[in-house]
Amino acid sequence: MPLRVDDEQSVNMDKLTQLQDCIEQLLLIMKLSVVQLVQRSDFKRVSDAIPITKSRPKEKVDPPAKFEENKRELIVDLVRKAKQIELLIDSLPLPEPEGSQALRLEALEAELQKQNAEYKVAVERASLYIPLKVGLAVDRPFTGLLHRDITRAFRELTDISAGLDP
């Protein structure tokens, strides 16, 4: 069964939602990676002119081998999420050219005008038919008081039928 346009748009919107979620996850991974790298490493001297004035407790600092292992794991997580984002982006449809967008919008505008004209005809027919059907005055044009007139007619009908019940 081929996809309808609505189904295709729904699938693409789902992909956009997945993409948004993946980007949020990637940012979270990046944030947690920075936190992990900063909190689990010790300060190192980078220049003889700059002394180290702070240190972390040894139990909070990972040994160099463990630190390198954690860095590799963080890199793998980042790369995996980046690849997932890349695949989602590649699966999105190509943007529609401006020319075809303009043609589609013109067709939608024409359809809207056609539907609007049909609606106006239906309203005009209803304004002439309903007052005749329920016995209301027809000598005035439809002025938006249709609801009031119909409500009044139904009240009169229910009052009449209420008087008929024994």
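Side chains are part of it too, since the values below use all heavy atoms of this structure and drop only hydrogens, waters and symmetry mates.
- With a 4.5 Å cut-off on side-chain heavy atoms, Q84 and R80 do not count as touching.
- No hydrogens or angles considered: nothing links the side chains of Q25 and D21 as a donor-acceptor pair under 3.5 Å.
- In this structure, L32 and L74 have side chains that are not in contact, with every pair of non-hydrogen atoms separated by 4.5 Å or more.
- One finds a salt bridge joining E68 and K71 here, because a Lys/Arg side-chain nitrogen approaches an Asp/Glu carboxylate oxygen to under 4.0 Å.
- In the hydrophobic cluster analysis, where Ile, Leu, Val, Met, Phe, Trp and Tyr join through side-chain heavy atoms closer than 4.5 angstrom, I75 is grouped apart from I85.
- In this structure, Q36 and D62 have side chains that are in contact, with non-hydrogen atoms separated by less than 4.5 Å.
- A distance-only check finds a donor-acceptor pair linking the side chain of S41 to the backbone of L37 [under 3.5 Å].
- A donor-acceptor distance shorter than 3.5 angstrom exists from the side chain of R40 to the backbone of K60, with no hydrogens or angles considered.
- Follow the hydrophobic side-chain contacts under 4.5 Å out from L88 and you reach M30 in the same cluster.
- Residues I29 and L78 approach most closely at CG2-CD2, 3.6 Å, considering heavy atoms.
- Separation of atoms CG (L108) and CG (L103) is listed at 11.0 Å; rounding is to 0.5 Å.
- The two residues K44 and I52 make their nearest non-hydrogen contact at C-CD1, 3.7 Å.
- Looking at every heavy atom in both residues, D42 comes nearest to S55 through OD1-CA, 4.0 Å.
- Checking E96, E111, E109 one by one against R104, the salt bridge (Lys or Arg N to Asp or Glu O under 4.0 Å) holds for a single residue, E96.
- Crowding of E98 atom CD: a count of heavy atoms from other residues, nucleotides or ligands under 6.0 Å not exceeding 12.
- Checked by atom type and distance alone, the side chain of K15 pairs as donor or acceptor with a backbone atom of S91 at under 3.5 Å.
- Scanning both residues, A82 and L26, for their nearest heavy atoms gives N-CD1, 4.4 Å.
- To the nearest 0.5 Å, the span separating CG on L28 from NZ on K81 amounts to 10.0 Å.
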